[in-house]
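Okay, structure first, notes after.
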Amino acid sequence: MHAELLVIGGGPAALAAATAYRDHRGGGAVLLVSNDDVPPYLRPPLSKDFLRGPDDPDDPEDADGLLLTPAMTYPEQGITLRLGQTVTDLDARGRTATLSTGDRVTYGDCVLATGSSPRRLDVPGAADALVLRTLADAVALRSAATAARSAVVVGTGFIGCEAAASLRARGLAVTLVGRERFPQQTRLGPEVGARVAGWLEADGVVLRGEADVAAVEHGVRLADGTAIGADLVLLASGVEPQATLAAVAGAEVVDGRVAVDAQLRASVPHLFAAGDVAFAHNAAAGRRLAVEHWGEAETMGAIAGTVAAGGDAAWDAVPGFWSEIGDRTLKYAAWGDGFAHVRVVDHGGGAFTAWYADDAGRTVGVLTHDADEDYERGATLVAEAAPLP
Ligand SMILES: Cc1cc2nc3c(=O)[nH]c(=O)nc-3n(C[C@H](O)[C@H](O)[C@H](O)COP(=O)(O)OP(=O)(O)OC[C@H]3O[C@@H](n4cnc5c(N)ncnc54)[C@H](O)[C@@H]3O)c2cc1C
């Protein structure tokens with residue numbers, strides 16, 4: 001078959017690309033191929049409300065409530081979904097994709113929105129642990145949590161912290177294990193990491209920082225020999241962008257992501273990449289950024305779809321996201337590729353703002369808890385490379 005726009009992926013970047021292409025009067029067939037069995041859905045609740053909620057696999061409302069758009073609207077928009085199918089080969093010169101069914105699809109333009117997949121630790125027993133990326137993963141985790149009394153969560157990034165707090169809210173005894181001294185320390189600095197640690201401990205999560213997992217066996221065994229027993233183990237040890245198809249197609253891949261310009265064009269003609277898999281040039285930052293945020297995936301997807309339809313758009317937004325750890329919300333807007341200084345300002349009642357600056361004192365990020373004004377203002381200061389306030 002032939003698609004004027006072929007979108008590979010079933011996440012926010014993929015759906016935004018297909019929708020924006022139509023919104024900008026892109027004509028011809030639009031085909032979205034996803035190896036997930038479910039039409040595009042929200043991932044952020046999977047470590048938050050969905051994980052805290054009752055386990056009722058027979059309740060279709062539960063999963064339907066996560067859909068980004070009702071299934072029946074796809075035909076109305078002229079978007080064809082092929083679910084549960086993997087694109088296994090991409091020939092950029094012949095503009096042809098091969099599917100796991102053996103079908104071939106020729107395309108006018110192709111948007112690669114293959115996102116990322118959980119990285120499994122390379123230790124004995126890791127294959128038996130649970131991960132959290134897809135709705136199917138979340139259903140399996142919630143069902144395991146219903147039967148469990150204790151859990152070990154490995155990895156102190158946002159998903160690990162959120163999932164640990166949610167499992168604890170379900171009443172499980174939870175230990176959060178990570179290499180960092182404090183959760184989120186590498187990304188946000190020790191001052192903020194210590195605050196996140198305080199929240200998790202106040203909620204009853206046991207923290208084991210500066211720890212390496214040597215094996216998954218009835219819980220985990222640490223490199224120092226300590227055994228932490230648990231009924232379930234969740235690996236939240238980072239993700240790997242899925243850029244293999246771009247490499248196969250001969251497009252430039254940098255640090256495992258597809259190198260694209262601010263219009264999301266890859267280095268081979270008629271190929272775009274958006275979302276977690278992209279290493280996109282941000283016009284305001286003046287450099288390429290690796291971003292793993294929901295909102296950015298949507299923004300990038302929309303830009304790729306717009307440009308593929310002949311419209312004009314470029315990625316220049318400051319990446320931002322919110323995280324919910326238990327009942328506390330963090331809001332973060334930053335280029336996300338490092339900082340030299342951090343200054344934390346307390347506002348009373350637990351509210352705070354962390355300001356991040358580069359070597360030259362320019363604002364490169366802001367993180368807030370119960371301080372929305374600073375979050376809004378911070379994103380502008382980052383965009384303008386203004387001095388720290
Ligand atoms: C539990 C959880 C909570 C999160 N919470 C937040 C949050 O609070 N805030 C935030 O900003 N971000 C959050 N994120 C991150 C956010 O979900 C991702 O940044 C976002 O989903 C990336 O979107 P994407 O479209 O690039 O890729 P993905 O959402 O990863 O989608 C990729 C899609 O491509 C499909 N695919 C991959 N390879 C192929 C192939 N070869 N053929 C066909 N299909 C393929 C996959 O099945 C999938 O459907 C969270 C993520 C998780 C897992």
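Everything numeric in this text was worked out from a predicted model, so none of it was measured. Order of listing sets the numbers, starting from 1, for every ligand and every atom in it. Because only heavy atoms are used, hydrogens play no part in the values below, and waters and symmetry mates are left out as well, while side chains stay in. Just so you know, residue 1 is the first one in the sequence shown, and it goes up from there.
- Considering only non-hydrogen protein atoms, atom 36 (N) of ligand 1 sits nearest to Asn35 OD1, 3.4 Å.
- Scanning all protein heavy atoms for the shortest distance to atom 3 (C) of ligand 1 gives Ser47 OG, 3.4 Å.
- With 3.5 Å as the limit, one finds a donor-acceptor pair spanning the side chains of Ser47 and Glu162.
- Residue contact check: Asp36 has heavy atoms under 4.0 Å from atoms 47 (O) of ligand 1.
- Of the candidates Arg133, Arg257, Arg43, Arg133 is the only one forming a salt bridge (Lys or Arg N to Asp or Glu O under 4.0 Å) with Asp276.
- In terms of N/O distances under 3.5 Å, ligand 1 is not approached by Ser323.
- Within the 4.0 Å heavy-atom criterion, neither part of Val277 lies near ligand 1.
- With a 4.0 Å heavy-atom cut-off, ligand 1 is reached by no atom of Gln242.
- For atom 23 (O) of ligand 1, a protein heavy-atom neighbour is present inside the 4.0 Å cut-off.
- For residues 221-236, every residue pair satisfying the side chain to side chain donor-acceptor pair (under 3.5 Å) rule, not counting sequence neighbours, is listed here: Glu217-Arg221, Asp224-Thr226.
- Ligand 1 is approached by Arg133 to a heavy-atom distance shorter than 4.0 Å.
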List the steps and the verdict of side chain to side chain contact (heavy atoms under 4.5 Å, CB included) for Asn282 and Arg288.
CA-CA 6 Å; Asn282 183 294; Arg288 286 190 179 133; over 6 Å; no
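- Those atoms of ligand 1 with a heavy atom of Ser34 less than 4.0 angstrom away are 43 (C), 44 (N), 47 (O), 49 (O).
- On a distance-only criterion, Gly295 and ligand 1 share no N/O pair closer than 3.5 Å.
- With 3.5 Å as the limit, one finds a donor-acceptor pair spanning the side chains of Thr353 and His347.
- For ligand 1, the atoms sitting less than 4.0 Å from at least one non-hydrogen atom of Lys48 are 5 (N), 6 (C), 7 (C), 8 (O), numbered in the order shown with element in parentheses.
- Ligand-side atoms of ligand 1 in range of Ser116: 30 (O), range being under 4.0 angstrom from any heavy atom.
- Between the side chain of Glu252 and the backbone N or O of Ala259 there is no donor-acceptor pair closer than 3.5 Å.
- Residue contact check: Ala113 has heavy atoms under 4.0 Å from atoms 32 (C), 33 (C), 34 (O) of ligand 1.
- Residue-level proximity to ligand 1 for Ile8 is carried by the side chain, the only part with a heavy atom below 4.0 angstrom.
- In this structure, a donor-acceptor pair under 3.5 Å is present between the side chains of Arg170 and Thr146.
- Counted by atom type alone, His270 and Asp109 present one or more donor-acceptor pairs between their side chains at under 3.5 Å.
- The residue Phe158 has no part lying near ligand 1, judged by heavy-atom distances below 4.0 Å.
- Through side-chain heavy atoms spaced under 4.5 Å, either directly or across other Ile, Leu, Val, Met, Phe, Trp or Tyr residues, Trp322 is tied to Tyr375.
- In terms of N/O distances under 3.5 Å, ligand 1 is approached by Asp276.
- The Gln85 neighbourhood of ligand 1 comprises atoms 43 (C), with distances under 4.0 Å to a heavy atom of that residue.
- Ligand 1 has no nitrogen or oxygen under 3.5 angstrom from a nitrogen or oxygen of Gly320.
- No side-chain donor-acceptor contact under 3.5 Å links Thr329 and Glu324.
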Begin from the C-alpha positions of Glu240 and Ser116 and carry the test side chain to side chain donor-acceptor pair (under 3.5 Å) through to its verdict.
CA-CA 5 Å; Glu240 271 167 17; Ser116 6; over 6 Å; no
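- Between the side chain of Thr86 and the backbone N or O of Thr88, no donor-acceptor pair lies under 3.5 Å.
- For ligand 1, the atoms closer than 4.0 angstrom to any heavy atom of Gly9 are 33 (C), 34 (O), 35 (C).
- Each of the atoms 40 (C), 41 (N), 42 (N), 43 (C) of ligand 1 lies under 4.0 Å from some heavy atom of Thr86.
- Judged by distance alone, the side chains of Trp315 and Glu296 do bring a donor and an acceptor atom under 3.5 Å apart.
- Between Ala14 and ligand 1, a contact under 3.5 Å exists for no N or O pair.
- Among all protein heavy atoms, the one lying closest to atom 25 (O) of ligand 1 is Ala13 N, 3.0 Å.
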